[in-house]
Protein chains: 2
Amino acid sequence: MTRWEPAPDQTVWEQVYDELRTRIEAEVYKPRNPVPSITQLEQEFGVARGTVRKVLAKLARDGLVRPISGKGTYVVPREERGESVDS
Amino acid sequence: MTRWEPAPDQTVWEQVYDELRTRIEAEVYKPRNPVPSITQLEQEFGVARGTVRKVLAKLARDGLVRPISGKGTYVVPREERGESVDS
DNA sequence: TAAGATTTGTTCGTATGTATA
DNA sequence: ATATACATACGAACAAATCTT
């Protein structure tokens, strides 16, 4: 996730998105449990808050997670996922 | 942005940090006593909670204060300060 | 025992500024 | 000009520890 590496064919936020999506689908982050906080994800991936939020916003639009203000961002169980809008 | 604006020399949190550090070193806030609460510092300086916390976190890393959950943030006496890491 | 107040700790939500490609 | 990405800074709510009533 370092910016000084040779031109990646994916942006930083896309790479983080793919990784989190993979973890959710593999249930590394389990249904009804929170994913790590924005601050923790910032530190783990070494990216800025805005970048993490962009990723979480897309995961939320995809119906994979649901953010709850002041509490955390929770993994939505498969059964409860609406039709993905695939934006 | 149509015009160029000069960047401030110091950020808000740096200014508050300098002021609190000065007060501790001048013993306006005395050793083993608590500094004002986060809420009081917010109001005095007119800044947000997150900004105050950023300042207190750095003062703690510097070994000047020690936060105690549910109680307050206490000034560490000089004799008890470890070597400052000077981050 | 219970309830409330105060305080530190943590989290999401939002906006702005700066720099770069 | 637009999108990406960083840092700063605001607000709001939730949570847990401590103390008092």
Side-chain angles (χ1 to χ4, degrees), chain A residues 1-21 24 29-30 32-76 87, chain B residues 1-20 23-24 29-30 32-76 87:
Chain A
M1 240 36 87
T2 47
R3 295 214 10 43
W4 56 86
E5 277 175 10
D9 54 352
Q10 262 190 327
T11 62
V12 171
W13 77 263
E14 284 171 330
Q15 294 172 48
V16 175
Y17 172 85
D18 284 351
E19 176 61 24
L20 291 194
R21 177 150 192 154
I24 289 167
Y29 301 146
K30 303 198 185 309
R32 301 188 191 286
N33 282 66
V35 302
S37 73
I38 294 175
T39 301
Q40 287 175 318
L41 292 172
E42 277 182 59
Q43 292 167 352
E44 176 183 351
F45 291 100
V47 301
R49 178 183 178 79
T51 303
V52 173
R53 279 194 51 78
K54 184 164 188 169
V55 169
L56 293 178
K58 176 149 175 58
L59 287 170
R61 285 199 307 277
D62 293 340
L64 297 179
V65 299
R66 182 152 27 84
I68 299 181
S69 184
K71 292 208 64 178
T73 300
Y74 293 79
V75 177
V76 176
S87 60
Chain B
M1 186 62 67
T2 57
R3 276 194 309 123
W4 179 87
E5 294 277 353
D9 292 11
Q10 268 191 323
T11 61
V12 171
W13 78 262
E14 283 171 330
Q15 293 172 47
V16 175
Y17 172 84
D18 285 350
E19 176 61 25
L20 290 194
R23 289 182 191 178
I24 290 168
Y29 301 145
K30 304 198 184 311
R32 302 188 191 284
N33 282 65
V35 301
S37 73
I38 295 174
T39 302
Q40 286 175 319
L41 292 172
E42 276 182 58
Q43 292 168 350
E44 176 184 351
F45 291 99
V47 301
R49 179 182 180 79
T51 304
V52 173
R53 281 191 53 76
K54 185 165 186 169
V55 168
L56 293 179
K58 176 152 174 59
L59 288 171
R61 285 199 308 276
D62 294 339
L64 298 179
V65 299
R66 187 154 51 89
I68 299 180
S69 184
K71 291 203 64 178
T73 300
Y74 293 79
V75 176
V76 176
S87 59

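Values below: every heavy atom of this structure, side chains too, minus hydrogens, waters and symmetry copies. Below, read A as the first sequence line, B as the second, and so on, with proteins coming before strands; counting in each chain starts at 1. Please read these numbers as outputs of a predicted model, since none were measured by experiment.
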- Note on the structure: Closest non-hydrogen contact found for A/R32 with A/Y74 is O-CD2, 3.5 Å
- Message: So which atom in B/V65 and which in B/I24 form the shortest heavy-atom distance, rounded to 0.1 Å?
- Response: CG1-CD1, 3.7 Å
Whole angstrom is fine here: how far is it from [atom1] in [X] over to [atom2] in [N]?
X     : N      : atom1 : atom2 : result
B/R66 : C/dT8  : CZ    : C1'   : 14 Å
B/Y17 : D/dT8  : OH    : C1'   : 18 Å
A/K58 : D/dT4  : NZ    : P     : 12 Å
B/Q43 : C/dT7  : CD    : C1'   : 13 Å
A/R61 : C/dG13 : CZ    : P     : 13 Å
A/Q10 : D/dA5  : CD    : C1'   : 16 Å
A/L41 : C/dT10 : CG    : P     : 16 Å

- Message: Please determine whether the number of non-hydrogen atoms from other residues, nucleotides or ligands lying under 6.0 Å from atom CZ of B/R23 exceeds 12.
- Response: yes
Please write out the pairs of protein N or O atoms and N or O atoms of nucleotides 11-16 of chain D separated by less than 3.5 Å, giving the distance to one decimal.
from   : atom 1 : to    : atom 2 : distance (Å)
D/dA15 : OP1    : A/K71 : NZ     : 2.9

- Counting heavy atoms from C-beta on, name the nucleotide in D/dT8, C/dG9, C/dG13 closest to the side chain of B/P67.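 So the side chain of B/P67 is nearest to C/dG9.
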- Nearest-neighbour nucleotide for the B/W13 side chain, D/dT4, D/dT8, C/dG13 considered: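 The listed nucleotide nearest to B/W13's side chain is D/dT8.
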Does [X] make a side-chain N or O approach to OP1 or OP2 of [N] shorter than 4.0 Å?
X     : N      : answer
B/K54 : D/dT8  : yes
A/R53 : C/dG13 : yes
A/T73 : C/dC12 : yes
A/T51 : D/dC6  : yes

- With nearest nucleotides of DNA chain D determined for A/E14 and B/G46 from heavy-atom distances, which residue corresponds to the more 5′ nucleotide? A/E14
- Message: If the test is side-chain contact (heavy atoms from CB on, under 4.5 Å), which one of B/V47, B/T39, B/L41 qualifies with B/Q43?
- Response: B/T39
- Message: Can you tell me how far apart CD (A/E44) and CG (A/L20) are? Round to the nearest 0.5 Å.
- Response: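 Rounded to the nearest 0.5 Å, the CD-CG separation comes to 8.0 Å.
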- Task: Apply side-chain hydrogen bond (donor to acceptor under 3.5 Å, both in side chains) to B/Y17 and list each qualifying residue two or more places apart in sequence or on a separate chain.
- Result: B/R21, B/D62
- With sequence neighbours left out, write down each residue that passes side-chain hydrogen bond (donor to acceptor under 3.5 Å, both in side chains) with B/Q40, or none if nothing qualifies. none
- Base, sugar-phosphate, or nothing for A/I68, non-hydrogen atoms under 4.0 angstrom? sugar-phosphate
